[in-house]
Amino acid sequence: MTYENPYMKGRTWPELNILETLRQRNPLVICITNDVVRTFTANGLLAIGASPVMSECSEDLKDLIVHASALLINIGTLTPDKVSYYKEAIKLAKTHEVPVVLDPVGCHAGAYRLSVVLDLIKTGNISLLRGNQSEIKAIYDALSPDDTANNSTTGKGVDGAQVEDSAVIAYRLARLINCPVVTTGEEDYISDGIRVFAVPHGHSVMTAVTGTGCLLGAVLAAFFSAYYPCKDSVSIGEFLAYALAYYGLAGESAVQVSGVKPGSFSTAFMDALYTLDDAVLMAENRIRPVVVPDQLQVYFIGGTQDVGLNENRLLSVVEEACRGGVTCFQFREKGMGTLEGQQKLELAQQLQQICAKYNVLYIINDDVDLAVAVNADGVHVGQEDMRLEEVRNLVGHKAVGISIHSIEELHKTVVVYADCVGVGPMYATSSKPDAQEPCGPNRISELQAEGLTLPCVGIGGITLDNAKPILEAGACGVAIISAIAHADNPYEAAQQFKHLVDRAQP
Ligand SMILES: Nc1ncnc2c1ncn2[C@@H]1O[C@H](COP(=O)(O)OP(=O)(O)OP(=O)(O)O)[C@@H](O)[C@H]1O
Ligand SMILES: Cc1ncsc1CCO
Ligand SMILES: [Mg+2]
């Protein structure tokens, strides 16, 4: 990409050489894995450029861990003895600051497996959970505070089935257990608890070869070693989405060679993992950013214009709002006397740190260059701003939001380039001097009847007293400026909005 961003002082977009970095580092991945997939896993790791070692007792592990880049724990053929070993291994990994990837094989099919997985998660030292969609759903159901969740085991073996709402489940589980979650199937999803990505690569023949999921866990563990050099330009969620894309693309390219024949595929897949390089990601990767409804529940918007042009006041209001439970914050610096250039950049960076501390999605209004410069989670544009297609080209996999006021605007918006929508003004507002006439909550259902399927928030003049009809009309959340920024207690205001939206939704 050749795009130059003014905030980056002549630097162009960072190029990601993830696979090259991984191969240079040749990371040692210690695998405590099941009896079925050991050789396949070791060969797959070698093919991708990592160095595998299987280790079966803590006496041995304590020597190896010193040189390790990651530890994989796959419970596929668990026994009570192995369970104690998993726990000791997690402790050792923690001591040596080695990331731990957990593969909860078959935990949707057996209560003992599930209880072991929950115990391992409870250590708080898992760096990534990778399972098929059935396994991840079983863990979510067991941990979910929601009583409607199905808490019984459902499968009959280690294979998974397609689960609806896997993107939402990944997001919620990542937040519940405070670690990134990958859930695989026809489409894979990754969430780090802030962002969500869909990775639509791979081939169904991969389910006919045992261990393709198990190897993926090991491959993701290896990828951790390549994250550090690019951690300022890519979030861990997006980074792991690239790793999933590599793996899925290797599957697709193998099928080209083998045809849909599991035996030949298995061999061709090793070859593809070995030959794949970074160019394939640039050329073919179709990682899709996803915005799930939960992310938009309480969407706070603000800039210095909303707090008497006082930067410190803005920082403290945003921190209080995040602490109170807002799920998303949009930095919108607009109007007389507001900050520009370097000052705006520095404020944007401070706000980003606050959002990151509270796992709040961080969106920049209008200023695509700024969003790229600070590596925000997303950008929101109005109808009068840059064209959506151009925005998408510049921001890559960041979340893109668009304002839509009317059916006419919906028809002229190229919705495929957006991930979420702000609809308004719901009610009369004083925060936006150039706002249009209020359209009322029904505009949301009208737009949905007209084919809008992206998650929506209502915006404009929303208070605790008038928010409910917006949710009833089909919005997944409410966007708020003054009802939080001007509240006597922004923390409480945010908390009350969160409760209100939680109660209104299934
Ligand atoms: N229907 C499908 N279409 C395309 N790719 C698929 C499909 N199902 C699975 N995959 C891919 O296969 C790989 C393994 O995922 P899967 O969900 O089958 O793991 P798993 O059930 O844990 O496997 P195992 O336990 O046998 O190792 C992933 O890369 C995933 O994207
Ligand atoms: C078939 C099987 N049984 C336990 S582990 C395993 C490998 C795939 O997960
Ligand atoms: Mg599996």
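Both ligands and their constituent atoms are indexed starting at 1 by order of listing. Nothing here was measured: the structure is a model prediction, and the numbers come from that model.
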Can you tell me how far apart CD1 (I363) and CG (L351) are? Round to the nearest 0.5 Å. 13.0 Å
Distance under 4.0 Å to a non-hydrogen atom of C214: what atoms of ligand 2 satisfy this? 8 (C), 9 (O)
State whether the shortest distance between N or O atoms of M206 and N or O atoms of ligand 1 falls below 3.5 angstrom. no
Sub-3.5 Å N/O-N/O distance, N132 and ligand 1: yes
Provide the number and element of each atom of ligand 1 under 4.0 Å from a heavy atom of H203. 3 (N), 4 (C), 5 (N), 6 (C)
Have a look at ligand 1 and work out which part of R130, if any, has a heavy atom under 4.0 Å from it: side chain, backbone, both or neither. side chain
If we only count N/O pairs under 3.5 Å, is G213 in contact with ligand 1? yes
Shortest non-hydrogen contact between V360 and D377, atoms and distance: O-OD2, 3.9 Å
Among R288, R392, E238, find the one that has a side-chain hydrogen bond (donor to acceptor under 3.5 Å, both in side chains) with H397. E238
Side chain, backbone, both or neither: which applies to T184 and ligand 1 if a contact is any heavy-atom pair less than 4.0 Å apart? both
Of the options L72, N74, L71, which is the one that meets I32 in a side chain to side chain contact (heavy atoms under 4.5 Å, CB included)? L71
May I ask you to check whether V209 has an N/O atom sitting below 3.5 Å from an N/O atom of ligand 1? no
Just let me know how E187 lines up against ligand 1, side chain, backbone, both or neither, with a heavy-atom cut-off below 4.0 Å. neither
Rounded to the nearest 0.5 Å, the NE2 atom of H96 sits from the CG atom of L64 at a distance of 11.0 Å
Does ligand 1 have an atom under 4.0 Å from some heavy atom of G248? no
Taking only non-hydrogen atoms of V105, do any sit less than 4.0 angstrom from ligand 1? no
Parallel, tilted or perpendicular for F223 and F239, by the 30°/60° rule? perpendicular
Any N/O pair D188/ligand 1 closer than 3.5 Å: yes
Residue selection (non-hydrogen contact nearest atom 10 (N) of ligand 1) among S204, G251, G202, G185: G185
Please determine if R25 and E20 form a salt bridge, counting it only when a charged side-chain N lies under 4.0 Å from a carboxylate O. no
Heavy-atom nearest pair, D159 first then N132, reads C-ND2, 3.8 Å
